[in-house]
Amino acid sequence: MNMVDSAQPFKTLLGPESDSQRTQYPYVTGTSVVGVKYKDGILMASDMGASYGSTLRYKSVERMKPIGKHSLLGASGEISDFQEILHYLDELILYDNMWDDGNSLGPKEVHSYLTRVMYNRRNKFNPFWNSLVLGGVKNGQKYLGTVSMIGVHFEDSHVATGFGNHLARPILREEWNENMSYEDGVKLLEKCMRVLLYRDRSAVNKIQIAKITEEGVTISRPYALKTFWEFNAFKNPTVGAEGSW
Amino acid sequence: MSKLEFDVPAKGGFSFDLCKRNEMLMKKGVQPPSYRKTGTTIVGLIFQDGVILGADTRATEGPIVCDKNCEKIHYMAPNIYCCGAGTAADTEAVTDMVSSQLQLHRHHTGRESRVITALTLLKSHLFNYQGYVQAALVLGGVDVTGPHLHTIYPHGSTDTLPFATMGSGSLAAMAVFESKYHEGLTRDEGIKLVTEAICSGIFNDLGSGSNVDVCVITKGHKEYLRNHLLPNPRSYVSAKGFSFSKKTEVLLTKVTPLKEKVEIIQSGEAMEE
């Protein structure tokens, strides 16, 4: 009878979930973002799709945006929350510029700010439903970090969000190395994005790759990846197994 | 003489009599016992001469590793092997059962078993039980019609594929396959790719671990490479052995091994007819 008593009071204190005005589930979502450190800075890749449930609603959404002079923010998850975060960051950068003191907010500072914002919202049970990737280079120092919607944050040499955690990180763990050139980095990211395109249902074949170096941030024009569907087994899958599928 | 009344369940299938009681218990907060699952990464691929199957060797009971070196590649027929993921009891039982059925069928027809026979027997059994038999299988073999590789899901659906992965580590292994598989692999390339995929599962998925088992099946020949790779050795063994503290005088040292170490020379294959 102990089990019955402990379960009941907890449920009644919270009240029914339907009363809540807070973000319960995301509506328009972007899928994975993958980022790696390379010799000259940071490379980040994401596709340009935003799904509305199971429909691929928007196919030209830029999910990576430059922040200030030194950083790039990529986001997966609820797009409206991403836009709100960009609004907050806009304000942050503006105030920083208004000081006009020769200093500018670097990637570490922006990452720290984002962590505080995300964790604070989570504590109020009203999270920004995003997984963020923040990369940047300042004074020769490369920085690549991530923040999740519950405030889990860390810094690493290669990060991924969403499905990228399961599909891209194993590849990155095997094939990433400290001194990759730009071409190597792009090839590695394209490999990850290709696997994600094959195996993530919400992926679109329209990707952008962003590069951050000491000189600044450049986001490439969108392009499509080459895919291969000519396996013999796909041509006639049930030869020798008549009647199966 | 009084007749004893037994509640005999209907012939075949499951009896759902205790479901209401279980639901009531769950509402009161009673945790149901966890099943022994083979967390798992299992893979298969078709190379130029046949089929290669691979599996990790970790079996979990919830958060605990209950078997560090279990066998997940099950024998079905001399030319057919099956990897199993999901509830360990279900994969063992269902592969054993179909293996026996195949053997009877071989005696009946006088011919080598075909992979699609095993496929049909497995899928109809699993469909009958509507997904309650939680076995996800990768079935591979070479018969008179050529090499075949199939995946079978717990509800009874199947796929015929050139390369396949199942289990909790399937995404990590599939990432390796999708980026590196091509047609016309040689035997060594195939084994290397399978080992890489299983290692990807072992190191990136918590439900998979320990060692890599590989099975290569070609026309008329098969090789079961048990523990083909041991990437998780016990590296920090104390060299000193047991030492006593505070100047205890050792009067006598006698070491009695608990188990006798016997070398078994395996002649022929287990379960061969």
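The analysis underlying the following values was restricted to heavy atoms, covering all of them including side chains, and did not include hydrogens, waters or symmetry mates. Everything numeric in this text was worked out from a predicted model, so none of it was measured. Residue numbering restarts at 1 for every chain, and letters A, B, ... go by the order of the sequence lines.
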Should the heavy atoms of other residues, nucleotides or ligands under 6.0 Å from [atom1] of [X] be counted, would the total exceed 12?
| X | atom1 | answer |
| --- | --- | --- |
| A:Lys235 | NZ | yes |
| B:Leu25 | CG | yes |
| A:Arg122 | CZ | yes |
| B:His105 | NE2 | no |
| A:His166 | NE2 | no |
| B:Met26 | CE | no |
| B:Arg114 | CZ | no |

Reported [atom1]-to-[atom2] distance for the pair [X] and [Y], which is rounded to 0.5 angstrom:
| X | Y | atom1 | atom2 | answer |
| --- | --- | --- | --- | --- |
| A:Phe231 | B:Tyr181 | CZ | OH | 6.5 Å |
| A:Phe163 | B:Leu171 | CZ | CG | 5.5 Å |
| B:His182 | A:Phe228 | NE2 | CZ | 10.5 Å |

Considering only heavy atoms, which portion of [X] lies under 4.5 Å from any heavy atom of chain B: side chain, backbone, both, or neither?
| X | value |
| --- | --- |
| A:Glu175 | side chain |
| A:Ile171 | side chain |
| A:Arg199 | side chain |

* Can you tell which part of B:Phe203 gets under 4.5 Å to a heavy atom of chain A, answering side chain, backbone, both or neither? =>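 The answer is the backbone of B:Phe203.
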
* **Shortest non-hydrogen contact between B:Glu183 and A:Glu230, atoms and distance** =>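 Taking B:Glu183 first and A:Glu230 second, the nearest heavy atoms are OE1-O, 4.0 Å.
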
* Just one of A:Glu174, A:Arg169, A:Arg173 clears the side chain to side chain donor-acceptor pair (under 3.5 Å) bar with B:Asn204, so which one? ->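 One option only clears the test, and that one is A:Arg173.
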
